[in-house]
Amino acid sequence: QVQLVESGGGLVQAGGSLRLSCAASGRTFSNYHMGWFRQAPGKEREFVATISWGTSTTYYADSVKGRFTISRDNAKNQVYLQMNGLKPEDTAVYYCAANRGRLMATDVAEYDYWGQGTQVTVSS
């Protein structure tokens, strides 16, 4: 079992930045691929970014590529999402997720553990 807790969300103006953090506890964090997803009101949860457990290889949704950066610190059991150049359409609840064995997974169903989410609101 892996427990995930997100933090760092908030209200920011368009063009601003936020850094989300996800603290993991439970099983060995470094063995899990990690991902960030988001869900806007009335929409399905969508993939944002993922990072592998071994080589920290990353993959991003086209909508955030070049603006967001995912990283991890296995020693601290943390994964981060640095978000720059935020746009109103980035407004959503952001979720951290973990899976073991599915490299570069982008589908919600491929992840085994989820956090409770943190709200990000970008004003225009």
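Sequence positions, counted from 1, serve as the residue numbers for this chain. Just so it is clear, the model here is predicted, and its values are computed rather than measured.
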Closest contact, heavy atoms only, [X] versus [Y]:
| X | Y | value |
| --- | --- | --- |
| Leu4 | Cys96 | CD1-O, 3.7 Å |
| Ala105 | Asn99 | CB-ND2, 3.9 Å |
| Leu81 | Ala49 | CD1-CB, 4.4 Å |
| Gln119 | Ala92 | NE2-O, 3.4 Å |
| Thr91 | Ala40 | O-CB, 3.7 Å |
| Thr55 | Thr57 | OG1-OG1, 2.6 Å |

Do you reckon [X] sits in the same ILVMFWY cluster as [Y], going by side-chain contacts under 4.5 Å, direct or chained?
| X | Y | value |
| --- | --- | --- |
| Leu18 | Val93 | no |
| Tyr113 | Val48 | yes |
| Val2 | Tyr95 | no |
| Ile70 | Val5 | no |

Tell me every residue that passes salt bridge (Lys or Arg N to Asp or Glu O under 4.0 Å) with Asp112, counting only those two or more places apart in sequence or in another chain.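 Listed in chain order: Arg102.
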So does [Y] get a backbone contact from the side chain of [X], meaning a donor-acceptor N/O pair under 3.5 Å?
| X | Y | result |
| --- | --- | --- |
| Thr118 | Ser7 | no |
| Glu6 | Gln116 | yes |
| Thr69 | Gln82 | no |
| Glu46 | Arg38 | no |

Donor-acceptor list for residues 19-26 side chains, cut-off 3.5 Å, not counting sequence neighbours:
{"residue": "Ser25", "atom": "OG", "partner": "Gln3", "partner atom": "OE1", "Å": "3.3"}

With sequence neighbours left out, which residue pairs that include part of residues 23-53 fulfil the disulfide bond (SG atoms under 2.5 Å apart) condition?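 Residue pairs passing disulfide bond (SG atoms under 2.5 Å apart), neighbours aside: none found.
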What is the ring orientation for Tyr59 with Phe47, classed by angle as parallel under 30°, tilted 30 to 60°, or perpendicular over 60°? parallel
Which class fits the ring pair Trp53 and His33: parallel under 30°, tilted 30 to 60°, perpendicular over 60°? tilted
Nearest 0.5 angstrom please: Met34 CE to Tyr80 OH, how far?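 Answer for the CE-OH pair, Met34 versus Tyr80, is 11.5 Å.
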Side chain to side chain donor-acceptor pair (under 3.5 Å) involving Lys65 - partner list, sequence neighbours excluded: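 Per chain and number, Lys65 pairs via side chain to side chain donor-acceptor pair (under 3.5 Å) with Asp62.
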By side chain to side chain donor-acceptor pair (under 3.5 Å), which residues pair with Glu89, not counting sequence neighbours? none
Can you spot which of Tyr111, Tyr60, Phe37 makes a side chain to side chain contact (heavy atoms under 4.5 Å, CB included) with Thr50?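 Answer after filtering Tyr111, Tyr60, Phe37: Tyr111.
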Taking the side chain as C-beta and beyond, is there a heavy-atom pair between [X] and [Y] under 4.5 Å?
| X | Y | result |
| --- | --- | --- |
| Val122 | Lys87 | no |
| Met83 | Arg67 | no |
| Trp36 | Phe68 | no |

For Ser124, which residues count as a side chain to side chain contact (heavy atoms under 4.5 Å, CB included) partner, sequence neighbours excluded?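 With neighbours one apart ignored, the set is Pro88.
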